Each structure stands twice: as structure tokens, then as C-alpha cells.
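Worksheet for the structure shown next.
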2 protein chains.
Amino acid sequence: MRNPNRVFKDAIYEQFARIGKAVSSPKRLELLDLLCQWERTVEALAKETGLTVANASQHLQALRAARLVETEKVGVFVTYRVADQVVCEFFRSMRVLAESRLAEVEQIKRRFLEGREGMEPVDRDALIERIREGAVIILDVRPVEEYNAGHIPGAMSIPLKELERHLSELPHNQEIVAYCRGPYCVLAIQAVEMLRAKGFNAVRLEEGIQDLRAIGFPMAVGEEK
Amino acid sequence: MRNPNRVFKDAIYEQFARIGKAVSSPKRLELLDLLCQWERTVEALAKETGLTVANASQHLQALRAARLVETEKVGVFVTYRVADQVVCEFFRSMRVLAESRLAEVEQIKRRFLEGREGMEPVDRDALIERIREGAVIILDVRPVEEYNAGHIPGAMSIPLKELERHLSELPHNQEIVAYCRGPYCVLAIQAVEMLRAKGFNAVRLEEGIQDLRAIGFPMAVGEEK
DNA sequence: CAATTATTCAATAAATTAGTTTATTGGTTG
DNA sequence: CAACCAATAAACTAATTTATTGAATAATTG
């Protein structure tokens with residue numbers, strides 16, 4: 001096999017496959033998905049994904065070897081972050097492809113949501129329109145750092161963990177739209193369940209920040225007002 | 001690990017990883033790249049990629065298991081084709097990500113091209129502008145079926161294998177722009193080398209059909225005139 | 001400077017994947 | 001229906017990947 005064309009092609013596709021290998025493990029994809037929201041330390045990532053620290057570290061190094069993420073050492077902590085916003089766009093295109101080609105994704109989601117009150121799919125476009133108009137209270141239930149990294153303009157930031165303590169700040173006479181990281185993040189689901197149980201008029205927006213950005217929705221960064 | 005949220009997330013990311021696994025092998029990527037140009041039989045794919053038929057068949061079945069490609073049996077032959085145009089768009093976004101994140105891709109390309117006459121990078125935008133204006137002869141050197149599946153409007157179809165026989169149809173007093181499947185396809189390179197050796201004024205357009213489509217370039221299908 | 005903490009490294013076993021070889025299937029043709 | 005062909009399946013070896021464990025490193029703290 002001395003053919004230089006073959007050597008060239010093999011070398012090129014081997015490089016492309018580095019990206020493919022990096023995103024061929026469920027756990028690495030979950031890590032990448034989290035990092036697309038905001039940077040984190042190894043320990044935080046391990047905790048959120050249910051991995052041991054050593055195992056998370058290995059997966060993160062695999063992502064770094066493919067140059068999808070970068071690290072910064074501050075004191076004893078190593079912070080991982082995505083190397084470029086295009087990485088998040090690529091991850092999203094992969095997610096959208098999986099949704100469109102693999103019927104199992106929809107099945108798994110339906111099975112998870114069935115039996116939960118108020119998780120009926122809403123008319124997204126109408127909901128997004130009401131958000132645009134400011135006709136609803138928008139609630140971002142992700143951790144504060146993720147909110148600061150990018151959120152829907154005008155959204156309130158009340159992380160799920162603190163929601164119970166801040167219920168008094170929310171109105172009963174207005175519709176509340178909760179959102180989080182996206183369709184496969186459970187924070188907004190739990191928030192809506194809690195709000196409904198307390199008598200609020202709450203619905204969930206499935207779309208996350210990456211999805212909204214992709215459809216040209218404006219984003220705000222930092223704290224509001 | 002009875003936490004239903006974890007079970008849900010594991011199931012979802014496992015589905016995403018099916019796509020990742022499918023595109024984690026260099027050979028499968030090469031197969032997918034070819035199929036994005038036009039459908040082919042197993043044997044044709046095996047020959048073009050330098051795989052044994054049995055091995056190619058296995059890889060193709062892996063792509064099919066991820067629903068990225070589909071098959072149709074006609075007589076004794078099985079034809080593989082991409083399941084949807086979004087698969088090609090995904091493949092392209094992966095390729096672009098690899099080009100932007102992995103410096104090795106550019107290195108490998110430079111090393112392959114160095115020492116070849118007339119392969120100096122051209123000013124692409126200016127070249128594309130001249131193509132749009134019809135100021136040059138455009139030459140599609142891919143196999144005819146690929147040309148018919150989609151080509152630059154006004155381009156001549158002369159597959160590389162038949163180029164030598166059709167040199168008399170080409171003018172000496174006008175610039176000829178040859179293109180093929182894209183930056184990592186060698187057909188246009190070989191065409192330009194041959195044309196230059198015969199005294200033609202030829203240059204290569206690196207971009208392939210998928211790239212041009214992505215920048216909104218109009219496409220023609222079927223035979224010209 | 002010893003102890004602590006976050007992370008990485010190294011070693012291992014288990015599981016998965018890739019490529020090869022040798023059937024087998026299913027359709028076509030003489 | 002026997003011979004032939006494209007494609008797949010099955011069996012096997014070699015190589016790679018994964019999770020786990022325990023040790024090593026490197027920065028910080030008492």
C-alpha cells in the first residue's frame with residue numbers, strides 16, 4: 001500500500017475520526033453538553049455525571065486530546081471549558097441529527113415524561129412568541145453561573161435548589177415559563193412540578209440556551225438589572 | 001443507581017453516542033463521504049476505499065445501524081445511500097470542526113500538495129466570483145453519476161479517466177477551473193496536473209458540491225443541455 | 001514542613017471493536 | 001438445476017477502549 005493518494009486519505013480521515021472518537025462515548029457527550037453551558041472543575045463534572053473523579057478526568061482528557069475542550073489550572077483546581085463555541089454548535093447538530101434519525105430518542109423522552117403532570121408538549125412557537133412579547137414570567141432554573149453565561153433577556157434567575165425559598169417572589173396571576181439546559185435536562189421539569197403543586201400557573205420551555213441561540217434568539221449575559 | 005433521572009440521561013446520551021460511534025472510524029467516514037456524493041454498491045465502495053468487500057459490508061452495516069445510510073436491493077446488488085441530506089450536512093460540520101480545531105489536517109494537506117505544480121492556494125472568493133460570472137470554463141471531473149446528482153450550473157462533465165481523450169474539446173485561450181468532491185479528493189488535482197502538462201491554463205477549486213451548497217451556491221442536476 | 005486536597009497517572013480486568021478468513025444466503029444465468 | 005455472483009454471516013485473532021483501583025503529583029493550608 002505505497003499509493004500516496006491512499007496514504008493521504010487515510011491520514012485525513014484518521015484526523016476526522018479523532019473528533020468522532022471523542023463523541024462516541026455517552027459519558028463524554030454528557031460532559032460536553034454540560035461544558036457547553038459553562039466551565040466546571042473535574043470534581044463538579046464528576047458529581048453531575050455520576051462518574052468517579054478519575055474516570056471523569058480520563059474522559060475529559062480524551063475530549064482535550066481531540067481539542068474540543070481546554071483546561072486552566074487555578075490553584076488546586078483544574079477548570080475545563082469548551083475550546084470554541086463551534087464545538088457546542090457541532091454537539092447540537094449531532095443531537096438534532098440523533099433526534100431526527102433515531103426514533104428511540106423520542107420514545108425514551110416520552111416514557112420518561114409520561115405520568116408527569118403538566119409536561120404535555122406545548123405549542124413551542126406560540127410560547128416563544130409570548131416570551132418575545134414579554135407576556136409571561138420567564139424563569140431560569142439553572143445554577144447562577146450558567147445564567148450569567150447567557151440567558152433569555154428579562155428572565156429571572158432562581159436555581160432549582162433555591163426555588164422553594166423564593167416562591168413568594170413569584171406571582172400567582174401570571175403564567176410562568178421555566179427553562180433550563182435543554183430537552184434532556186430535568187431541572188425545568190422539576191421546577192414546573194413544584195410550582196404546579198404550589199398552585200402556580202407554570203409551563204416548561206423545552207428549548208435550552210443553545211437551541212434558542214441557534215434560532216437567532218437574542219441572549220443576555222451577566223446579572224439582570 | 002435507581003435514580004430515574006440518571007436512567008433517563010444514560011439512555012439519551014447512549015442514543016447520541018450511536019451517531020458518534022458510527023463516525024468514529026476513519027473508514028466509515030470515508031464511506032460516508034463518498035455516499036454524500038452519490039449512492040453506490042458495496043463492491044464499488046470497497047474498491048474505492050481499498051477495503052475488502054466483507055469489511056466494507058461490516059462498516060456499512062454499522063452506518064445503517066445508526067440510521068445514517070439506507071439500502072436497496074436491486075437484483076444481486078445492494079445499493080447504499082445516505083438516509084437523508086442532513087447526514088451530509090452533519091458530516092460536513094464534523095469536517096469543518098476538524099479543520100478548525102486540528103492543525104494536523106492543514107499540515108497533512110500541505111505536505112501532500114507540496115512540490116506539485118500549480119496547486120498553490122488560489123483566492124477562493126475571487127475564483128468563485130469568476131465562476132458565478134461565467135468568466136471561466138468549469139470542469140467537473142467526477143464520475144458522471146455524481147455530476148448528474150448535482151453540479152455547478154454550466155460545468156462540463158469530463159470524468160478524470162476520460163479527460164485525456166477529450167482534451168480537444170477544451171480551449172487553450174481560456175482559464176479552466178476543475179473541481180471534484182472537495183478538498184480531500186484528488187481527482188481535480190490530477191486533472192489540473194494533466195491539463196497544465198498539456199499547456200492548458202488550469203486551476204483547481206478546492207470546494208466540493210457540499211461546500212458550495214452550504215454557502216448557498218445554486219446547483220444543477222441531470223445532464224446539461 | 002507535614003497534612004490535605006484536587007487531579008492525574010499507571011496497572012489491571014472486562015468489554016468492545018476491527019480486520020481476516022471461510023462459509024452461507026439469495027438471486028441470476030446458462 | 002447447476003454454476004455463478006454480490007453480499008452477508010460467522011468465527012476467530014488482535015487491538016483498542018472502558019471502568020476501577022491505588023499510587024503519584026502538585027498546589028494549598030495549618
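The figures here come from the full heavy-atom set of this structure, side chains too, leaving out hydrogens, waters and symmetry mates. Please read all numbers here as calculations on a predicted model, not as lab measurements. Residue numbers begin at 1 in each chain, while the letters A, B, ... track the order of the sequences.
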For [X] and [N], give me the distance from atom [atom1] to atom [atom2], rounded to whole Å.
X	N	atom1	atom2	answer
Leu63(B)	dT8(D)	CG	P	12 Å
Glu43(B)	dA6(D)	CD	P	5 Å
Leu45(A)	dA6(C)	CG	C1'	13 Å
Gln61(A)	dA6(C)	CD	C1'	13 Å
Tyr13(A)	dA18(C)	OH	C1'	19 Å
Phe77(B)	dT8(D)	CZ	C1'	15 Å
Glu14(A)	dA18(C)	CD	C1'	14 Å
Glu39(B)	dA7(D)	CD	P	13 Å

Can you sort out the partners of [X] under side chain to side chain donor-acceptor pair (under 3.5 Å), two or more places apart, ordered by chain and number?
X	value
Glu99(B)	Arg95(B), Tyr184(B)
Glu146(B)	Arg40(B), Arg181(B)
Glu14(B)	none
Arg110(B)	none

Is the shortest distance from a Lys or Arg side-chain nitrogen in Arg67(A) or Glu104(B) to a carboxylate oxygen in the other one below 4.0 Å?
-> yes
Do Glu30(A) and Arg6(B) sit within salt-bridge range, that is, some charged N less than 4.0 Å from a carboxylate O?
-> yes
Indicate for each nucleotide in nucleotides 25-30 of chain C, in 5' to 3' sequence, whether protein heavy atoms under 4.0 Å reach the base (B), only the sugar-phosphate (S), or nothing (-).
-> -BBS--
Can you give one letter per nucleotide of nucleotides 15-21 of chain D, going 5' to 3': B for a protein heavy atom under 4.0 Å from the base, S for sugar-phosphate only, - for none?
-> --SSBBB
Just jot down the salt bridge (charged side-chain N to carboxylate O under 4.0 Å, His left out) partners of [X], sequence neighbours excluded, or say none.
X	answer
Glu145(B)	none
Glu169(A)	none
Arg111(A)	none
Glu164(B)	Lys198(B)

Phosphate OP1/OP2 of dA6(C): any Tyr80(A) side-chain N/O under 4.0 Å | no
Side-chain N,O (Ser57(B)) to OP1/OP2 (dT8(D)) below 4.0 Å = yes
Considering the terminal five base pairs at each end of the helix from dC1(C)-dG30(D) to dG30(C)-dC1(D), what angle separates the two local helix axes, rounded to 10°?
-> 10°
How would you list all residue pairs meeting ring pair (Phe, Tyr, Trp, His ring centres under 6.0 Å) that involve residues 48-79 of chain B, not counting sequence neighbours?
-> none
